[in-house]
Chemist: 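This is the structure I have questions about; it appears just below.
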Amino acid sequence: MSDIQEHPASIAVTLPDGSVKTVPSGSTGLDIALSIGRKLAQDALALKIDGKTVDLSAPLHHDTSVAILTFDSPEGKNVFWHSASHIMAQAIEELFPGSKFGAGPAIEQGFYYDIASEHRFRESDLRLIEEKMLEISKRDITITREEMPRDTAIAYFTDVRKDPYKVEILTETLKDVATVSVYHQDKFTDLCTGPHLSSTSKLKAVLLTNISSSYWRGDSSRENMQRIYGIAFPSEKQLKEHVAKIEEARRRDHRKLGAELELFMLTPEVGSGLPVWLPKGAIVRSELESFLKEEQRKRGYLPVYTPHIGNIELYKRSGHYPYYSDSQFPPLTYHDEDGSQEQYLLKPMNCPHHHLIYSNRIRSYRELPIRLTEFGTVYRHEQSGELNGLVRARGFTQDDSHIYCRPDQLVDEICNAIDLTQHVFSTLGFSNVQTRLSLHDPENQAKYGGTPEVWEQAEKDVREAADRMGIEYFIGIGEASFYGPKIDFIVRDALDRKWQLGTVQVDYVMPERFDLTYIGSDGQKHRPVVIHRAPFGSMERFIGVLIEHTAGNFPLWLAPVQAIVLPITEEVHDYAAEVQQALLGAGIRTEIDTRSEKVGRKIRDAELAKIPCMVVIGQKEKENGEVSLRRHRIGDAGRVGLEALIEQLKTEITGRT
RNA sequence: GCUGAUGUAGCUCAGUCGGUAGAGCACUUCCUUGGUAAGGAAGAGGUCAUCGGUUCAAGUCCGAUCAUCAGCUCCA
């Protein structure tokens with residue numbers, strides 16, 4: 001009896017196009033790539049076997065489906081950047097002996113490595129490390145995989161590599177694993193599951209982008225490590241393209257455009273993280289608010305207003321105060337003459353106020369659902385390092401509604417809220433919205449309010465609604481809020497960072513805490529369920545992301561200045577002023593440029609100001625009672641009658657297209 | 001909050017070895033009245049983020065604070 005497996009002499013591999021190739025048993029990915037073509041063999045980075053990525057040098061012994069991974073695939077990029085992080089680590093080890101390495105993964109756009117070193121890395125070091133990395137590439141070092149028992153690996157990383165971080169990973173994270181893999185490249189060895197490139201020579205261009213700090217294992221109670229970020233490519237050309245893309249993204253940055261287009265300002269004179277809306281930004285915001293108010297009116301929402309501060313007892317009762325006391329502005333304390341004291345909180349959220357409105361009188365099952373809505377401004381003392389223009393502020397306005405309904409109405413109401421959110425996103429042209437089902441983490445029950453049974457029901461309801469609405473979602477364990485699961489709508493900004501905008505949340509906990517009730521058909525008190533929902537999320541964040549999404553080229557209905565009248569000579573100023581008045585009279589936000597500049601200059605300035613419609617007026621237009629229209633970024637649209645122009649623009653504005 | 005970087009005119013940026021500040025754009029005035037992305041000239045504009053220190057002398061060197069940026073941690 002032998003344990004030795006019988007390998008067939010040849011095996012059949014199925015390629016992604018469905019074709020089947022017969023190769024000798026023991027062939028590697030590289031052999032297969034070579035048998036297809038030289039170019040593919042050159043570009044090949046790794047192999048995907050039955051959905052699992054492996055080294056190009058791994059021998060195949062069974063019939064299987066394979067795909068050759070190149071840099072064009074997400075998996076290929078992942079392998080490439082992961083190896084680049086190892087090459088960076090080797091370069092750092094050679095330049096700064098004694099450096100120890102924590103985690104060094106590939107990320108969405110490149111890679112990083114966390115380093116513990118006596119040396120404080122500076123910007124200038126990055127150039128040195130880049131040079132060293134390219135030198136290591138030129139050395140054409142073969143990267144090899146070795147599997148070893150975990151105990152051997154512990155001894156190796158303790159005695160040879162002397163790297164306490166790798167030892168910690170081996171003894172804790174991998175404590176139940178018998179055999180681990182390490183990758184060698186010259187004198188550098190790293191604990192890693194792989195896969196990796198076959199040689200360092202694949203790396204042709206590298207850019208180390210920044211140095212920052214991180215906590216070992218992401219734990220703020222553990223030591224700080226220095227993290228170096230970078231990105232690498234198989235060719236110089238791809239790096240150049242990447243740099244060009246980053247520059248384009250910087251041009252779209254909402255902080256830059258917000259200042260240039262005079263939408264909002266941020267100044268320490270008002271306070272860090274407290275945006276001030278300038279007249280032009282205020283128009284964008286108020287148009288968005290009107291849009292949502294209109295939709296909500298159609299859907300049976302009831303507007304309310306509540307104060308900006310609230311008695312601290314309100315937040316103790318809701319449970320927010322203990323959960324979030326460190327991210328709130330400190331309470332305002334009011335001392336009465338008789339020595340008694342009251343404390344108020346700058347409101348960090350609107351729900352408690354709305355719950356009190358609900359319980360202002362007895363509610364009947366007949367009047368549910370009740371949908372209270374408010375653009376409620378809230379204040380949260382976010383950590384200073386978190387602040388980021390409009391997308392992360394300390395004072396912001398939520399388009400906050402609370403829907404009080406019977407349990408039998410819940411799924412319908414969640415669906416309605418999802419529908420409204422989708423309507424908002426599609427009207428504003430966000431197509432690549434990701435949806436996350438944010439569930440609680442059963443391992444960490446203490447973080448949440450409510451009983452496990454309540455959570456089970458809530459998560460079942462949320463899932464049912466999401467499925468009924470046919471939305472594609474991914475699950476985020478541990479992303480729920482403390483009072484319930486939620487559905488979050490996530491979009492990316494110009495720099496590809498993710499931001500949560502809309503949200504729909506189910507809450508069985510607050511109704512208990514606020515003793516919310518309604519009288520059922522049986523004459524008895526029952527507990528309603530609450531849905532928290534905000535399609536925009538925060539007006540500030542939404543507009544910040546919208547600015548980047550549109551690059552400041554707002555659709556006509558949102559544009560702060562919708563049209564500008566450009567008279568060519570002083571002789572037509574009178575008629576131009578009439579045209580402006582007619583447009584203003586039709587409710588179109590219109591400016592006029594009567595500077596003594598040439599029309600070319602006026603057009604250039606209007607284009608740079610991203611004004612959607614330029615109305616050019618010369619002698620010919622004046623004589624015929626017409627105007628010449630030029631559309632932003634499109635160009636001359638020809639002459640039309642003034643009335644026809646007004647009709648055309650009004651249709652476009654009311655259609656919100 | 002943590003690590004690193006940055007802070008000079010409204011904006012974008014120069015400013016050498018420490019010797020009291022410069023450009024372009026924008027702005028104002030004048031000239032110019034020009035047909036689809038920059039007409040010309042002149043002028044005005046700065047407590048060099050703030051506070052303190054070293055020095056005969058600080059935009060420049062040192063320290064603290066504030067703010068901003070990148071990332072980490074956090075996000076009702």
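All chains are named by letter (A, B, ...) in the order of the sequence lines, taking the proteins before the strands, and each is independently numbered beginning at 1.
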Chemist: Expressed as a whole number of angstroms, how long is the span from A:L501:CG to B:C75:P?
Modeler: 18 Å

Chemist: Between atom CZ in A:R250 and atom P in B:U12, what is the gap in whole Å?
Modeler: 14 Å

Chemist: Rounded to the nearest angstrom, tell me the gap between atom CD in A:Q109 and atom C1' in B:A70.
Modeler: 15 Å

Chemist: Less than 3.5 Å between a donor and an acceptor, one on the side chain of A:S214 and one on the base of B:G71, is that the case here?
Modeler: no

Chemist: For B:C69 and A:R255 - does any side-chain N or O of the residue sit under 4.0 Å from the phosphate oxygens OP1/OP2?
Modeler: yes

Chemist: Please determine if a side-chain N or O atom of A:S212 lies less than 4.0 Å away from the OP1 or OP2 oxygen of B:C72.
Modeler: no

Chemist: Report yes or no: is there a donor-acceptor pair, N or O only, under 3.5 Å between the side chain of A:E621 and the base of B:G35?
Modeler: yes

Chemist: Looking only at side-chain N and O atoms, does A:R601 come under 4.0 Å of OP1 or OP2 in B:A26?
Modeler: yes

Chemist: Does B:A76 have A:Y324 stacked on its base, where the ring centres are within less than 5.5 Å and the planes differ by under 30°?
Modeler: yes

Chemist: Taking only the side-chain nitrogens and oxygens of A:S272, find out if one of them lies under 4.0 Å from OP1 or OP2 of B:C66.
Modeler: no

Chemist: Are any of the side-chain nitrogens in A:K245 or A:E248 under 4.0 Å away from the carboxylate oxygens of its partner?
Modeler: no

Chemist: Does the side chain of A:Y229 get closer than 4.0 angstrom to OP1 or OP2 of B:C72 through an N or O atom?
Modeler: yes

Chemist: If the threshold is 4.0 Å, N to carboxylate O, is there a salt bridge linking A:E172 and A:R217?
Modeler: yes

Chemist: Do A:S596 and B:U32 have a side chain to base donor-acceptor pair shorter than 3.5 Å?
Modeler: yes

Chemist: Would you call A:E260-A:R252 a salt bridge at under 4.0 Å N-O?
Modeler: no

Chemist: Given B:C69, is OP1 or OP2 found less than 4.0 Å from the side-chain N or O atoms of A:N210?
Modeler: no

